[in-house]
Amino acid sequence: MSESKDFLRVRVEEDLESGKYQEVTTRFPPEPNGFPHIGHAKSICINFGIARDYKGHCNLRMDDTDPTKEDTKYVEALKDAVEWLGFDWEGNVRFTSDYFPKLYEYAVALIKMGKAYVDSLTEEEIREYRGTVTEAGKRSKYADRTVEENLALFERMKKGEFKDGAHVLRAKIDMSASNMKMRDPLLYRIRHVHHYRAGDTWAIYPMYDFAHCLSDYIEGVTHSICTLEFENNRDIYDWVLDTLGLTTPRPYQHEFARLGINYTVMSKRKLLELVEKGLVSGWDDPRLPTIAGYKRRGYTPESILNFCDQIGIAKANSMVDVAQLEFAIRDDLNTKVPRVMCVLDPLKVTIENYEGSEVLDAPYYPDDVPKEGSRKLPFSSTIYIERDDFMENPPKGYFRLTPEQSVRLKHAYIITCKEVIKDKEGNIIEIKAEYHPDSKSGSDTSGIKVKSAIQWVSANEAKKVEVRLYDRLFKDESPEGLEDLNPDSLKIIKDALIEPAVIVEKPDERFQFERQGYFYADPIDYSDEKPVFNKIVGLKDSWAKKKQLPRRASKSETKKVQIDGEVAPMSEVEQSLFDKYIGELNLNSEVANTLARDAKLSGFYEEALSHHHSPVGIANVVANEVARELKEKEVNEVKFNTKQIAELVKMVDDETISTKIAKQVFEEMINSGESPIKIVEAKGLIQISDPAIIGPIIDEVITKNPENVEKFKAGNSKLLGFFVGQVLKATGGKANPKVVNELVAKKLK
RNA sequence: UGGGGUGUCGCCAAGCGGUAAGGCACUGGUUUUUGGUACCAGUAUUCGGGGGUUCGAAUCCCUCCACCCCAUCCA
């Protein structure tokens, strides 16, 4: 785990420490209407991970409130995904549909409180009445039905007496709320549809906003973690729980940014489209970012877990580079998986001076992987090497076989090219070579230096295998649609050649094909007669990188131009205030502007001024510190008053306290409402300006940090702040920073 | 346009008034019978822009800009 905690864990810890909850309970609440993808994996890691880290619980809950979309096959896929990632949901899988009876009771309770009503507007009318983001909506005429009427109607809705869409149950909140979600949200709709689990018992189904918060509550969830797009729904979440009087301990919703990865798509809609149009082979197509896809491709659960851990959790919309995922799987497999040799694009090599055959012993793992194991490797005069590993006219820096350059056959001998055989078209079809008998791997006395060792297979013993090479599904970094599909996302090699041990011994299901990448025996199509391997990910290839030298020359460095918008003009009153502040009171224009434009602040300012005439000092405190407190609160809601602020500024003016201490005192005033003079007295915060006291403290800091002294003297002037900070810390902030600054600068010279 | 969010290196992401963490990617170098791995080194005088407060600002204040979400009887 990374050393810094994410904001969710910080929050959970706070809530546990404050005693808000005894134990943390989270939940992973997917709707079973599609296959889970790696975005779900992130959510799974967060929810189950937090439960694990804080010894709490995490439920797996199917949020199945829309019978038209959900299906059992998706719940199975969801369960598989959670299990595969190694998490345990303790007990049964939960289903929102199991709570339908309870949910119905809550709805009735809301109706009885007069907080919900049956609306009979048409769908279009409801939309119209909702208004727009800038215009308020208007309430339906059905909103003032009596409680009895609503109860009766709702009961009949439940019994299935009405057609779909005839009525809905809505919360009675506020049709002019600036949050659109709060404009009398729908709670229940009529659906004469078979539910994959609840069967035909219900004719009405709850909406997400009603069901979700209550399901959380029913399960004793403490932290309801969801993605950013639900931020607007948080108000309803709280409204439902609050108005139903469902108090402590109750769940609260927290949102994080969903995962985006480049060169792929993550939305269920787009994934479904790919599957349904047959553009991929199914939900488990190895090119898909679905859990089933990664699993089929050969990714390990550990690699996905590590990936999720590495990308972190935050609230900024982001697009993670696939390279990060690819790193995670390489990193995991590197230490786990046997190395074997497979030739994808075979080129025949005849070793003319070799006779007979032999069997070499070759370790499965390189020296830097602490694992044991080896296999028998047949060698003979006819072998195949990778077509790429021979070049007749090599570019500079080519390390492999050429007419002039020998190579080592990995685990075997060094060979030298003697002749290049071509067909009529001039294609190379065979290499005639010679081997060096005294260059045998492990007992090489030949003294020949080669630049690389390449993979090969012996022609007679090699097995034919199918290898499926996968590449990114889309050619565009952030694909818009099907037109961005990568036409080369799948390449099938029907007759690759692999060393026999892989097929006969089956030492593992995942391998590194030496110098090529990591591969996985396809769990479905693989058979002994017809082995099939999926490419999981390629090895990093700095040679390939070097070849595509034409670095993107034009970096198209279009420095974004910042456009400055219009600043709203001041009203006449504000303008005259502004003029007065600048002219009479000598404030700088920025502070004057802040004060003049805010009636609350200017009122506060002028009153404080009447207690202590220090126009600039008070203005600065009001415009910078008081402003923060008055953003969300009214003057009478705040614990401090103008007189106290005046006193505070007076102490700064007298140099009784430093501005740094003044801020600290102000914080205290916000919380306690205590007078600043008392706070300073009680805590002994009077400023220390005497160099005789400060000097020794500085000396101590200097002797404790010899390295930083060096750096400072070497020219790192930023460190002045470090020393000043240390001294201030040592004096509890009381040292006069100006004096400290001067003294430190002098002493370090 | 009203409301709710978010802007720190090419990509993620810490940081919450006192020396700009870390990972991926990238660039050198060392080791290497994988052009892999491992290891070492390098990479933000600067935190969306502009002002202000402060001895000191990525962090506090003001202001502007950009992007995302919300007007499904989806979740």
Side-chain angles (χ1 to χ4, degrees), chain A residues 2-4 30-31 33 63 65-66 68-69 123 126-127 130-135 137 164-165 168 177-181 183 186 188-191 207-208 212 228-234 255 257 262 310-312 314-321 323-324 327 330 334-335 339 366-369 397 399-400 408 410-411 441 444 450-455 512 514-516 539-544 546 560 562-567 588-591 593-594 597 620-621 623-625 627-628 658-660 663 708 711 716 718-726 728-729 736-738 740-742:
Chain A
S2 40
E3 46 305 282
S4 52
E31 183 189 13
N33 68 344
D63 207 0
T65 57
D66 184 356
T68 62
K69 293 181 183 158
E123 209 173 322
I126 287 178
R127 226 192 318 273
R130 191 147 33 218
T132 68
V133 286
T134 46
E135 299 158 58
D164 284 11
V168 290
S178 49
N179 178 355
M180 295 293 292
K181 297 270 178 189
R183 321 252 257 226
L186 274 63
Y188 269 90
R189 74 290 216 186
I190 299 171
R191 281 274 141 95
M207 303 288 291
Y208 165 85
H212 201 91
L228 247 30
E229 65 270 26
F230 290 98
E231 275 172 326
N232 296 313
N233 301 60
R234 191 174 58 230
E255 310 88 10
N262 56 12
Q310 283 160 7
I311 57 173
K315 295 190 75 157
N317 288 316
S318 57
M319 181 75 82
V320 175
D321 195 334
Q324 185 98 27
F327 168 81
R330 279 193 208 106
N334 177 43
T335 54
R339 320 286 138 127
D367 292 335
D368 50 12
V369 173
F399 293 169
R400 290 105 102 151
R408 172 172 298 282
K410 178 95 184 175
H411 302 302
S441 185
D444 182 359
V450 291
K451 289 201 172 106
S452 73
I454 62 173
Q455 71 273 27
Q512 185 194 106
E514 202 96 34
R515 302 208 306 138
Q516 307 199 104
L539 253 28
K540 274 178 69 172
D541 188 349
S542 47
W543 170 241
K546 231 175 255 173
K560 295 159 257 171
Q562 276 276 345
I563 302 156
D564 273 8
E566 291 274 300
V567 177
N588 78 43
S589 68
E590 194 61 34
V591 173
N593 187 49
T594 304
R597 281 174 182 275
N620 284 342
V621 172
N624 288 297
E625 311 298 321
R628 177 171 59 248
S658 65
T659 49
K660 186 186 178 78
K663 294 203 181 193
N708 282 338
K711 281 195 218 163
N716 188 346
K718 278 182 291 188
L719 254 18
L720 185 64
F722 164 77
F723 287 108
V724 174
Q726 290 295 307
L728 250 38
K729 197 189 249 176
N736 182 332
K738 278 184 199 154
V740 174
N741 247 301
E742 282 167 25

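Since we're looking at a predicted model, the values are computed, not measured. All chains are named by letter (A, B, ...) in the order of the sequence lines, taking the proteins before the strands, and each is independently numbered beginning at 1.
Counting any heavy atom pair closer than 4.0 Å across all strands shown, A:Lys738 reaches sugar-phosphate atoms only and no base atom. A:Asp541 comes within contact range of the sugar-phosphate backbone alone, with a heavy-atom separation under 4.0 Å but no base atom that close. Using a 4.0 Å heavy-atom criterion, one finds that A:Gly165 contacts the bases of the nucleic acid, with or without backbone contacts as well. Counting any heavy atom pair closer than 4.0 Å across all strands shown, A:His411 reaches a base atom. The residue A:Phe399 sits close to a base: some heavy atom pair falls under 4.0 Å. Using a 4.0 Å heavy-atom distance criterion, A:Leu720 is classed as making no nucleic acid contact. Residue contacts for A:Lys718: at a heavy-atom cut-off of 4.0 Å it reaches a base atom on one of the strands shown. Using a 4.0 Å heavy-atom distance criterion, A:Asp164 is classed as making no nucleic acid contact. If you check every strand for non-hydrogen atoms under 4.0 Å, A:Gly397 touches a base. Within 4.0 Å (heavy atoms only), A:Thr132 reaches at least one base atom of the nucleic acid. Among the heavy atoms of the strands lying under 4.0 Å from A:Arg191 are primed sugar atoms or P, OP1, OP2 only; no base atom is included. Contact annotation for A:Lys729: no contact, since no heavy-atom pair falls under 4.0 Å across all strands. Nucleic acid contact class of A:Thr134 (heavy atoms, under 4.0 Å, all strands): base. Within the nucleic acid shown, A:Val320 comes within 4.0 Å of sugar-phosphate atoms alone, with no base atom in reach, counting heavy atoms only.
A salt bridge links A:Lys315 to A:Glu231: at least one charged side-chain nitrogen sits closer than 4.0 Å to a carboxylate oxygen. Salt bridge status for A:Asp164 with A:Arg189: absent, with no side-chain N to carboxylate O gap under 4.0 Å. Looking at A:Lys69 and A:Glu31, no side-chain N of the basic residue comes within less than 4.0 Å of a carboxylate O on the acidic one, giving no salt bridge.
One N or O donor and one acceptor, one from the side chain of A:Gln512 and one from the base of B:U34, sit under 3.5 Å apart. At a cut-off of 3.5 angstrom, counting only N and O atoms as typed in the model, there is a donor on one side and an acceptor on the other between the side-chain of A:Asn708 and the base of B:U19.
Across B:A75 and B:C67, the matching C1' atoms stand 24 Å from one another, rounded to whole Å. Separating the P atom of B:G48 from that of B:U8 is a span of 6 Å, rounded to the nearest Å. B:U46 sits 13 Å from B:C9 when the P atoms are compared, rounded to a whole Å. Here the separation of B:A25 from B:G10, taken at their C1' atoms, is 7 Å to the nearest Å. The same atom, C1', is picked in B:G7 and in B:G49; the two are 12 Å apart, to the nearest Å. A distance of about 32 Å separates the P atoms of B:U63 and B:A21, rounded to the whole Å. A gap of 15 Å separates the C1' atoms of B:C62 and B:A57, to the nearest Å.
Comparing atom distances between the A:Ala316 side chain and each of B:C11, B:C60, B:U6 picks out B:U6 as nearest. Considering only the side chain of A:Ile126, B:C73 comes nearest among B:G2, B:C73, B:G49. Of the listed nucleotides (B:U53, B:A71, B:C69), B:U53 has the atom at the smallest distance from the side chain of A:Asn620. Checked against B:C69, B:C74, B:A71, the side chain of A:Asp66 finds its nearest nucleotide in B:C74.
If you run side chain to side chain contact (heavy atoms under 4.5 Å, CB included) between A:Lys410 and each of A:Arg515, A:Arg339, A:Glu514, only A:Glu514 comes through.
Contact check, A:Arg408 against B:U34: no side-chain N or O comes under 4.0 Å of OP1 or OP2.
Counting only Watson-Crick and G-U wobble pairs whose two key distances fall under 3.5 Å, RNA chain B forms stems of three or more stacked pairs at B:2-7 with B:65-70, B:10-12 with B:22-24, B:26-30 with B:38-42, B:48-52 with B:60-64.
Taking each heavy atom of A:Phe399 and A:Ser452 in turn, the nearest pair found is O-OG, 3.2 Å.
B:A75 has no stacking from A:Phe230 on its base ring, since the centres under 5.5 angstrom apart and planes within 30 degrees of parallel are not both found.
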